Each structure stands twice: as structure tokens, then as C-alpha cells.
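Labels below follow one simple rule: chain letters A, B, ... track the order of the sequence lines, proteins then strands, and each chain is numbered from 1. The structure presented is a predicted model; accordingly, all values stated were derived computationally and were not measured.
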Amino acid sequence: MWRKIPLTKADIDLKTLLTCGQSFTWKETSPNIWSNVIGNVVFSLSQSENALLWCTPCRDQNEIKNISQLPSITRNYSHARNDNDEILGEHSSSLSLGANHIHNRITNSNDSHSHKDNGDTVIISKCPFSESDSHSKSPVSLKSETLTDPGNNISALPKAKESHNRCRKRQDKSDLLTNFKRKTTKMTALSNDLDSEPDYDNAKKLKTESEPPGHYYCAEDDKIYEQKLVDYFQLGVNLSALYKQWSSADKHFQLISDRFPGIRIMRQDPTENLFAFICSSNNHVSRISGMVNKLSQKYGTKLGTVDGTDLYSFPTADKLTGSKVESHLRELGFGYRAKYIVGTAKVLHKERPEGFLNSLRDRPYEECITELTKFLGVGRKVADCVALMSLDKSQVVPVDTHVLQIAIRDYSIPGVTKNTRSLTPALHNKIGKYFIDLYGDHAGWAHTVLFAADLKRFSDHKPVSKKTQSAPKKKQKPAKSAK
DNA sequence: AAGTGACCTGG
DNA sequence: CAGGTCACT
């Protein structure tokens, strides 16, 4: 079952966005369909002319695994009657929901590794959204529809399995609270409910009196997952308006923008993003992707399989603190970054409070950089990437060799010429400030468009006149030892 | 404050 | 040489 969010290429260009070096974990699980884990949920995405298409193909597996794995979290909500047994019991029951033709058969909770076309057969014939979110002021319409066929533009769609929401899992709730609490994100009535810790069982009773339970839960459930996407892709930000602003401020951007619409900043998980960009140092995008995937594969949790591709959660920091992790990562080809990863994981897990990285979202940019660069293997550039892509610092322009080359080639910045040798902190600041002055408070977003355009320039037209410019690097910073 | 080399690996 | 960082000069 696919749903769609009405969006154009100007709002989001899915394929380019997912492959332009922001996130390293999206996989094309079948032609034109991209899958990844967002907040412990497996999502599959696709795009048609006028909509972003999405589904959650592994949701059944997720719920079962999460609930059986996280009893301690369930315990936190003691007011919500009982715990695992009852929830699982509800899962295990076969539901027949009358007019909705929902048939749901859950098999064993521990065999999700093996079954490809498993017993979680769920058919939902109809599952309309409520219209209650029409108050949203998001510049893009978020009115959604469900569909059984995403449209003619898509080929070879996977047979998506779907379930209605049999129960709210507590683990998911806490996750949602984090997301919904963003100041910049318009909250729906539902999220407000979640914020105030509702009694789900009671809510269920109330609702079942007025509506078919299948309808209600399915619609609510879809909204929650859709909201994850709205948050992840920051769909509340009007990209077209920004493109116009940047174009009027910068002729060069104007030239680029027509060929590269729909490039926005994804709001990624800080932990995953931090480790991913630690891997990025002095490295190719293809190898970065491989390394991030290995971290998930070897130290994360398998959440499901989409068209033969296994998908894993990114490991929590504590999973990367073991005594043998560094040597293992070396064997896996991480090189000197193995030490950085373990060092960072240890500090994060043992010397920082729970949710530390997420808490930086509410701190000013300078403080974010100060804190992030305390981690081993994290310099200014990596810290900037995390700040921009995970900590809501939309103005940050991460200056790397690529951006330096763009600055030299396409812009006139005093002191930045083809003779520029090293990317010193002072130069970093100067270039960053130049783009912030040029583009405004979403300068980091604009920079990503330039960056994506440059990547494409190199991948599309192979033989680029690569003037063998002496690639400048090097920089320095206060000492930071592994301890 | 700015400059150097080393650091892992593989496309 | 690749979307750097670290330790020293």
C-alpha cells in the first residue's frame, strides 16, 4: 500500500537528493524505489510527476522486534495497562475488521530474518486520511492520499505489506516526541496528543464507539509515519521560495538552479550523521557509503528486508565501544578512521548524557561546533556537516576542498584564488561568511545545491577538464587526544 | 596564525 | 587523489 504526498520536482528531486552525498544509506532496492531506515522504521520511497510516494514495507517486523526487544522502555509507561504480554497478545490475534477487509496474520516474532515473503499478510482495501491537518501552514500541501498503485510513472513497484495500527508502541512514541517538539515544525492535533501522554487504551475505546476501528487506527498510524517523512525532509520549508531568493541574489546559482531543482537538506539523526561524516574524511563517497553500511550491518539491528535488500538500524554509540571494535573495523577497511569511530563512541557513551547530540539542536551554532570538535576525528568540516544536516543550523556552509574549488572557480572572494594553498580556519570562516552573506539564513541549503550540481558535473560528464590544480588541504586546530 | 606530513584504502 | 584530522613546527 503506497501513500502519496503531493509534491513537485521543485519541492524535492528524490533521486538526486538521496545520492548527492548528504546521506550515505539510501538504497535503490528496485528500479526507482529507494529504501532506508528513518527513526527505526523502514521506509520505501518513490516519486511521480506530482507526488512523493511512500510506504513502510517492514512495519510488522519492526513492531514485533521492537516490543520484544525493549521491555525496559515499555516499563516507563506504567500507567498504560500492563506491558509486553498484552501488547503482543493483541498483535497475535487475527483481526477481522468488517468493511475494511483487513486481514492480519502475524507469525513468529523471531523469524523476521528469514522470511522474505512471510506470513505477515495484510490487505487494506481502503484507508483514508482524515482532513484534520488542514490548518497546517506548510507551504507545500501535505494533504495525502493512499493508493494501491503509485501511478504510471513507476515501474516494478514492490508488493508492499501493510498493517493498520494494532497498538501504539511506547518506543515509537518517545521517538515521535523528539521529532514533534521542533519549534519549526507545525504540529498536528495528533502530535499534540502525543505530547501530553495520552491514554491510548482509553483513546481506543472512545474512537471505537464512533468509527470503525480499522479506519481510525490506520489513518492515525499513517499520519504518524507521514509526519516522520515531513520531519525528515523538512517539508515545512518552502524550497521554491528559497530558490527564488538565492537566484535573485546570485546569478551563478540561477544558472545552476534550473538543472538542479528540489535539493533540500534532510534532517538526519545526529549520531548516525556524526559517524558517517567521520568516515568521510579524505575519502570517496562510494567508500563512505560502504563504511556506513558496514557499521549498520555489523553493529546495528536488522529491521527488515525490502526486495532482497536487508535494512539495518544504525548502531547506538555503546555498540561501538567494545575492545575489539577498532581492530574489527580495520579489518573491514576503515583505515585510520577506525580509531576515530571508537574514540568518539566512547566519549559519547561514557562521558555525555543521554540524548546529548540531540540536545545540541537547541544550542547556538558556536556551541555545537565547540562540542562536536571535542570528538576524536571531528574537525571543523565534519562538525559543520553535522550542524547543518542534523542540528538545524541551516545557515552553515561546510567548507571542504570541493566548496573551496567552487569558491575559487565561480566566485570572487578576496584572498581566495587558485593559488590558495591551505584551508585554514580563517579561510574557512571567510568563505563560509561569504556564502551566508550571499544567501542568508538558509545558506547551507543553497550550498548543498551547488555541491550537488558539482558532483553531477563530475559524474555525468566524465571527461571534465580537470586542471591539475594542486589540491589544497591541511588545517590545524587545538590538540585533541584520544585518551 | 599558518604550514607540513602522516594516516588507511581503493576507485 | 578522495567532501579531513591530528600532532608538531
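Looking at heavy-atom distances under 4.0 Å, A:Gly333 makes contact with sugar-phosphate atoms alone, never a base. Among the heavy atoms of the strands lying under 4.0 Å from A:Ala426 are primed sugar atoms or P, OP1, OP2 only; no base atom is included. Among the atoms of the strands shown, none is found under 4.0 Å from any heavy atom of A:Cys279. Residue A:Arg337 is in base contact, counting any heavy-atom pair closer than 4.0 Å across all strands shown.
Taking only side-chain atoms of A:Val382, from C-beta outward, the nucleotide of B:dC7, C:dG3, C:dT5 with the closest atom is C:dT5. Nearest to the side chain of A:Thr424, among B:dG10, B:dA2, C:dG4, sits B:dA2. For A:Ser286, the listed nucleotide lying nearest its side chain is B:dG11; candidates were C:dG4, B:dG11, C:dG3. Closest approach to the A:Asn282 side chain among C:dG4, C:dC6, C:dG3 is made by C:dG4 (side chain taken as heavy atoms from C-beta onward).
Listed pair A:Arg380 / C:dG4 fails the phosphate criterion, with no side-chain N or O lying under 4.0 Å from OP1 or OP2. An OP1 or OP2 oxygen of B:dG3 is reached within less than 4.0 angstrom by a side-chain nitrogen or oxygen of A:Ser422.
The aromatic rings of A:Tyr243 and A:Trp246 lie tilted to each other, with the angle between the two planes from 30° to 60°.
Contact annotation: the side chain of A:His328 approaches that of A:Lys298 to within less than 4.5 Å [non-hydrogen atoms, C-beta and beyond].
Applying the 3.5 Å distance criterion, the base of C:dG4 shares no donor-acceptor pair with the side chain of A:Lys381.
Comparing A:Ser280 and A:Tyr340 against DNA chain C, the residue whose closest nucleotide sits nearer the 5' end is A:Ser280.
Donor-acceptor pairing under 3.5 Å is recorded for the side chains of A:Thr8 and A:Asp11. At a cut-off of 3.5 Å, with distance as the only test, no side-chain donor of A:Asn32 or A:Lys15 sits close to an acceptor on the other residue. Donor-acceptor pairing under 3.5 Å is lacking for the side chains of A:Tyr299 and A:Asp318.
With C1' as the reference atom, B:dG11 and C:dT5 are 22 Å apart, rounded to whole Å. Atom name P, nucleotides C:dC1 and B:dT4: the rounded distance is 16 Å, in whole Å.
Applying the Watson-Crick and G-U wobble criteria (two distances, each under 3.5 Å), B:dC8 pairs with nothing in any strand.
The CZ atom of A:Phe375 sits 21 Å away from the P atom of C:dG4 (whole-angstrom rounding). Taking atom CG of A:Leu423 as the reference point, atom C1' of C:dG3 lies 11 Å away to the nearest angstrom. Between the CZ atom of A:Phe277 and the P atom of C:dT5 there is a distance of 11 Å, given to the nearest Å.
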